Amino acid sequence: MYGHLQRQLAERVRQFIARAHNLELAHIVIEQPPQVELGEYALPLAFELAKKLRKPPRSIAEEIVGGIGKIDGFEGLEVAGAGYINARLNRAELAQAVLSDRQPRAGVVARKTLVEHSSINPNKAAHVGHLRNAILGDTFVRLLRLTGRQVDVQNYIDNTGVQVADVVVGFLYLEKKSRLDIEQLSKQARFDYYCWDLYARVSEWYEADQSHREARIEVLRAIEAGQNETANIAELISLAVLRRHLETMDRLHIEYDFLPRESEILHLNFWDAAFRKLTAAGVLVYQSEGKNQGCWVMRRAGLDSRADRREIREEDQKVIVRSNGTVGYVGKDIAYHLWKFGLLGRDFGYRKFYLYANQHQCWISSTQGEPDHPHFGSVQEIYNVIDARQAEAQNTVIEALRELGYKQQADHYTHFSYEMVALTPRCAAELGYELSAEDKMRSHIEVSGRKGFGVKADDLIDRLIASARKEVDSRHPQLTLDERASIANQIAVGALRYFMLKYTKPSVIAFDFKEALSFEGETGPYAQYAVVRATNIFRKAGLDAEHFGAEVRHNIASSEFSQYLAAGAGNEIWELWLASAKTTYVVEQAIASTEPAYVAKHAFQLAQLFNNFYHCHHILSEPDEARKRFLLVTVAVVRRELIRVLSAMGISVPPVM
RNA sequence: GGGCGCGUAGCUCAAACGGAUAGAGCAUCGGAUUUCUAAUCCGACGGUUGCAGGUUCGAUUCCUGCCGCGCCUACCA
């Protein structure tokens, strides 16, 4: 509703300026005044026009305010300060719209959208960095779906790469395990932890003697070729670890629709099809001499593309096909993205892989699929949640699409880039790692799967649950074991998801258990607690929080809203209604800027306003029945919006806390 | 060397296209509960927004140059 009114205001002002001054303004800046007393919207427009019209800002502002006339939903405009135009909403009207949950929406483009996230190498346990990726991605999916978009969620599985090969080397060369041994091991509860340690050991083994690396090359070759014992073992391991990853993410209510694997991109010859297109269009260039002799290369992204492609300077070359004929991962990624947009002319085979408790089916790619399956891919718009370190590789894929002539697709390809999660030196020390004097001085230290250095996702979730459980046990000893476990679980998920969402994407998260395990202040549990308090009021009053608003909607006169929300004494409660009206607007902003942190901030703001309100008003003891009903309606609306925003972040609210 | 990003309170972070007095949380200190649960609320303390210029009526935000930090810059993924 808030965004809708803002658009209307902008349109009216635009029309007025066009009429009065014959000026077409492309975009009109609208912001929020520092305090609600000044109104709900502020336009600094007059400052901008002052030079153009050769008039002082104040007089321009006065002219606009005087001439624009009545705008639906608004009380009026006024001039403030040196020339701001502030707009006041009709509070009663907006409150009634919010109460009945009216959501006028600007035409939503019904593009089919694909979000790729997680994409964890299936060779070891997931760690905190993967959690940030998955939580950002899953939340973005929820936001897109909230606005009515149709979204496919994909998790790309690199099951034929070096990382999987290294763990295979570990099992075969270090541990001398047979296929049957590995199969037995893979059935243990946290097989991914076993692989985590083994992977670190393999790295040490490589360090000990360079010749050990030959094992990797041999295993890698066998995996890529397929149809042999080593490849079968790699398949066994990667599927077992993948299943563990899905279980870990399932604990956070993160689900996937489809798991495309690199093995199928290889074996279904996706690359051949892509290669033909790329060479035909001259995007790939063969190097017959120089450093990259014998390779097919592409121009690195981000460079001046006017220069002749055929003569790319050596340092600007990105090798796509190696001189031995094998394809690097960027090449496979180009093929995969041609498929995403339905431009490859080939498709995966599909089979069922993982069934969620809610009966949602997750599919996996296969050379020979099941006859009956949904079709993934062929979308109009994609978002790839991939950390900032891969920006250049992502841009290279985008450039390849563009140079192939797929401009539309390239324009709808968004690298949803975010910074990594690192560990504070204190956290690293806590985990038992020895730090150099230099490392101790750093603000953060990068995690490294190769070294086994990092916080495992399941460990963190376990600790959060244990910590929440301790609190719940002491507060609600009368509840059953299951009830307490379930509440602790919701709180843990709320804390973790909020923690990963509250930072803006370009900020490196310096992970620390103390911060992550906090349930106070700007945290998920803080927002959950606000909802619990709201629910308690209704429970004590013997009312149904879900339906209260709808039930009394027609019994509250407009004059009552005007009275209780009047400027002055009503400002404080009005802020709650105004914030409640902003949810859709905030979601739109978050999508447009691919920044879920806006949504987290909004949730916190709502909770903070509510907690303050809760403290100031004793609703159930309110003697004035009409006023009591109004306060209850206020609680119902804020509660509804908080639940909605939290749910968009994948956070549910416990019945009690 | 080149590319991308960052530098804001003791710490961790905000600040919508350049706007009104740069805001939160944590930490520290002081207060609030006969009440709908204190995982809460209120107050205090805390800032030359890395430095120097420039553009502008107005700069944390845009431009230039420095300083510091991180990441990328492999025939790894």
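Below, chains carry the letters A, B, ... as their sequence lines are ordered, and counting in each starts from 1. Since we're looking at a predicted model, the values are computed, not measured.
Within residues 532-542 of chain A, the residues having any heavy atom closer than 4.0 Å to RNA chain B are, in order of number, A:R533, A:N536, A:I537, A:K540. Near RNA chain B, defined here as any heavy-atom distance below 4.0 Å, the residues from residues 607-617 of chain A are A:Q608, A:N611, A:N612, A:Y614, A:H615, A:H617, listed numerically.
Separating the CZ atom of A:R442 from the C1' atom of B:rC6 is a distance of 15 Å, rounded to the nearest angstrom. One interatomic measurement links the two molecules: CD of A:E515 to C1' of B:rC11, which rounds to 8 Å at whole-angstrom precision. Between the P atom of B:rG5 and the CD1 atom of A:I386 lies a distance of 18 Å, rounded to the nearest Å. The interatomic distance linking A:F513 (CZ) with B:rC11 (P) rounds to 23 Å, in whole Å. In this structure, A:I30 places its CD1 atom 12 Å from C1' of B:rA16, rounding to the nearest Å. Remark: P of B:rG25 and OH of A:Y498 are 11 Å apart, rounded to the nearest angstrom. One atom, CG of A:L38, and another, C1' of B:rU21, lie 12 Å apart when rounded to the nearest Å. Taking atom CD of A:E522 as the reference point, atom P of B:rA24 lies 12 Å away to the nearest angstrom.
Residue contacts shown for A:N86 include a base, since a base heavy atom lies under 4.0 Å away. Using a 4.0 Å heavy-atom criterion, one finds that A:V656 contacts the bases of the nucleic acid, with or without backbone contacts as well. If you check every strand for non-hydrogen atoms under 4.0 Å, A:V29 touches a base. Heavy atoms of A:G83 sit nowhere under 4.0 angstrom from any nucleic acid atom. When heavy atoms are screened at a 4.0 angstrom cut-off, A:E520 is found touching the sugar-phosphate backbone but no base atom. Nucleic acid contact for A:L220: none, since no nucleic acid atom lies under 4.0 Å from a heavy atom of the residue. Among the heavy atoms of the strands lying under 4.0 Å from A:Y503 are primed sugar atoms or P, OP1, OP2 only; no base atom is included. Residue A:Y526 is classed as a sugar-phosphate contact, given heavy-atom separations below 4.0 Å to backbone atoms only. Heavy atoms of A:H415 sit nowhere under 4.0 angstrom from any nucleic acid atom. Among the protein residues, A:V164 comes within range of no part of the nucleic acid, since none of its heavy atoms lies under 4.0 Å from any strand. At the heavy-atom level, A:E419 lies nowhere under 4.0 Å from the strands shown.
For an aromatic pair to be called close, the ring centres must be under 6.0 Å apart, and A:Y2 with A:Y41 satisfies this. With ring centers used as reference points, A:F270 lies 6.0 Å or more from A:Y336. Here the two rings, on A:F613 and A:H617, have centers that are under 6.0 Å apart.
For A:E24, the salt bridge (Lys or Arg N to Asp or Glu O under 4.0 Å) criterion is met by A:R14, not counting sequence neighbours. With sequence neighbours left out, A:F47 forms a side chain to side chain contact (heavy atoms under 4.5 Å, CB included) with A:P44, A:P57, A:A82, A:Y84. Under the side chain to side chain contact (heavy atoms under 4.5 Å, CB included) criterion, A:A607 pairs with A:Y526, A:A527, A:A530, A:L642, not counting sequence neighbours. Applying the side-chain hydrogen bond (donor to acceptor under 3.5 Å, both in side chains) test to A:S518 and every residue at least two apart in sequence or in another chain returns nothing. Every side chain to side chain contact (heavy atoms under 4.5 Å, CB included) that A:V36 has, sequence neighbours left out, goes to A:N571, A:W574, A:E575, A:L578. Applying the ring pair (Phe, Tyr, Trp, His ring centres under 6.0 Å) rule to A:H337 yields the partners A:Y413; only residues at least two apart in sequence or on another chain are considered. With sequence neighbours excluded, the residues satisfying side chain to side chain contact (heavy atoms under 4.5 Å, CB included) with A:L543 are A:F538, A:A541, A:F548, A:L632.
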Note to self: Could you write out RNA chain B as dot-bracket? Rules: Watson-Crick or G-U wobble, both distances under 3.5 Å, brackets [ ] for crossings, | for pairs with another strand, dot for unpaired.
What the structure shows: (((((((..((((.....[...)))).(((((.......))))).....(((((..]....))))))))))))....
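RNA chain B is contacted by both A:I491 and A:Y598; A:Y598 maps to the nucleotide lying nearer its 5′ end (nearest heavy atom per residue). For A:S443 and A:G81, each mapped to the nucleotide of RNA chain B holding its nearest heavy atom, the one lying further toward the 5' end belongs to A:S443.
One finds a side-chain N or O of A:Y529 lying less than 4.0 angstrom from the OP1 or OP2 phosphate oxygen of B:rA39. Put simply, A:R475 has no side-chain N or O that comes within less than 4.0 Å of OP1 or OP2 on B:rU37.
Counting heavy atoms of neighbouring residues, nucleotides and ligands inside a 6.0 Å radius, atom CD of A:E224 exceeds 12 of them. Counting heavy-atom neighbours within 6.0 Å of A:Q608 CD, excluding the residue itself, gives a total above 12. Residue-environment remark: CZ (A:R213) exceeds the threshold of 12 foreign heavy atoms within 6.0 Å.
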Margin query: side chain to side chain contact (heavy atoms under 4.5 Å, CB included), that's the test. Do A:F453 and A:I445 meet it? Break it down for me.
Written below: CA-CA 10 Å; A:F453 173 65; A:I445 306 161; 3.7 Å; yes
Next item on the list: Dump the intermediate steps for side chain to side chain contact (heavy atoms under 4.5 Å, CB included) on A:I237 and A:N123, then the final yes or no.
Entry: CA-CA 7 Å; A:I237 294 168; A:N123 74 323; 5.9 Å; no
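Rounded to the nearest 0.5 Å, atoms CZ (A:R389) and OG (A:S417) are 10.5 Å apart.
Nearest nucleotide to the side chain of A:E31, out of B:rU56, B:rA77, B:rA16: B:rA16. Checking B:rA16, B:rA77, B:rU35 against every side-chain atom of A:V162, the shortest atom distance belongs to B:rA77. Between B:rA77, B:rC71, B:rG5, one nucleotide has an atom nearer to the side chain of A:Y329 than all others, and that is B:rA77.
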For nucleotides 45-47 of chain B, print each protein N/O atom paired with a nucleotide N/O atom at under 3.5 Å, atom names and distance only.
none

Name the pairs: protein N/O against N/O of nucleotides 73-75 of chain B, kept only if under 3.5 Å.
residue	atom	partner	partner atom	Å
B:rC75	O3'	A:R322	NE	3.3
B:rC75	O2	A:S323	N	3.0
B:rC75	O2	A:S323	OG	3.0
B:rC75	N3	A:S323	OG	2.6
B:rC75	N4	A:Q293	O	3.3

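For B:rC66, the O4'-C1' to base torsion is more than 90° from 0; the nucleotide is therefore anti.
With hydrogens and angles ignored, the 3.5 Å screen pairs no side-chain donor or acceptor of A:S467 with any backbone N or O of A:L464. A distance-only check finds a donor-acceptor pair linking the side chain of A:H130 to the backbone of A:H127 [under 3.5 Å].
Between A:F275 and A:L284 there is a side-chain heavy-atom pair separated by less than 4.5 Å.
A distance of about 15 Å separates the C1' atoms of B:rC11 and B:rC45, rounded to the whole Å. Annotation: B:rA52 and B:rU33 have their P atoms spaced 49 Å apart (nearest Å).
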